[in-house]
Amino acid sequence: MKHSDGLTRFWPTLATVVAIGLSFALMAIALRSLPFGTAYAVWTGIGAVGSIIVGMLLYSESTDPVRLLCLTLIVAGMVGLKLNSPV
């Protein structure tokens, strides 16, 4: 979205729309095997972790140890929710 300039540039806007559609489709698939609350938490966590990793790799955002620890905790929380899911 950053490169779409407020959704005014065609190709970045198209990429954003495709990514949003794919994200919702994957959420729908996840809901087949996970309760809603767990699926939403994992979906949100994946988005957050993915965004932060992209920021670090493409936009030279900070990679300090505390930030990496927090990312690890988010991933650990998502794994714990999945493993503790009743389905």
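Both backbone and side-chain heavy atoms feed into the values below; hydrogens, waters and symmetry mates do not. The structure displayed is predicted, hence computed values, not measured ones.
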Starting at CE of Met78, measure out to CG of Leu83 and round the result to the nearest 0.5 Å.
12.0 Å
Do Leu26 and Ile46 land in one hydrophobic cluster if side-chain heavy atoms of ILVMFWY residues count as linked below 4.5 Å?
no
Can you check whether Ala41's main-chain N or O pairs, donor with acceptor, with Thr44's side chain at less than 3.5 Å?
no
Is the Phe36 to Trp43 ring centre distance short of 6.0 Å?
no
If you measure from OG on Ser51 to CE on Met56, what distance do you get to the nearest 0.5 Å?
10.5 Å
Determine, using the 4.5 Å side-chain heavy-atom cutoff (strictly less than), whether Ile29 and Leu34 are members of one ILVMFWY cluster.
no
Cluster question for you: counting only ILVMFWY and a side-chain heavy-atom cut-off of under 4.5 Å, with indirect links fine, are Leu31 and Phe24 together?
yes
From Leu57 CG over to Ile52 CD1, what is the distance, rounded to the nearest 0.5 angstrom?
12.0 Å
Closest contact, heavy atoms only, Arg67 versus Glu61
NH2-OE1, 3.2 Å
State the OG-CG distance between Ser4 and Leu7, to the nearest 0.5 angstrom.
4.0 Å
Interatomic distance, OG1@Thr63 vs CG@Leu71, rounded to 0.5 Å, equals 10.5 Å
When clusters are formed by joining ILVMFWY residues with side-chain heavy atoms under 4.5 Å apart, either directly or through shared neighbours, do Leu81 and Met27 land in the same one?
no
Hydrophobic cluster identity match, Leu69 and Ile74, side-chain contacts under 4.5 Å
no
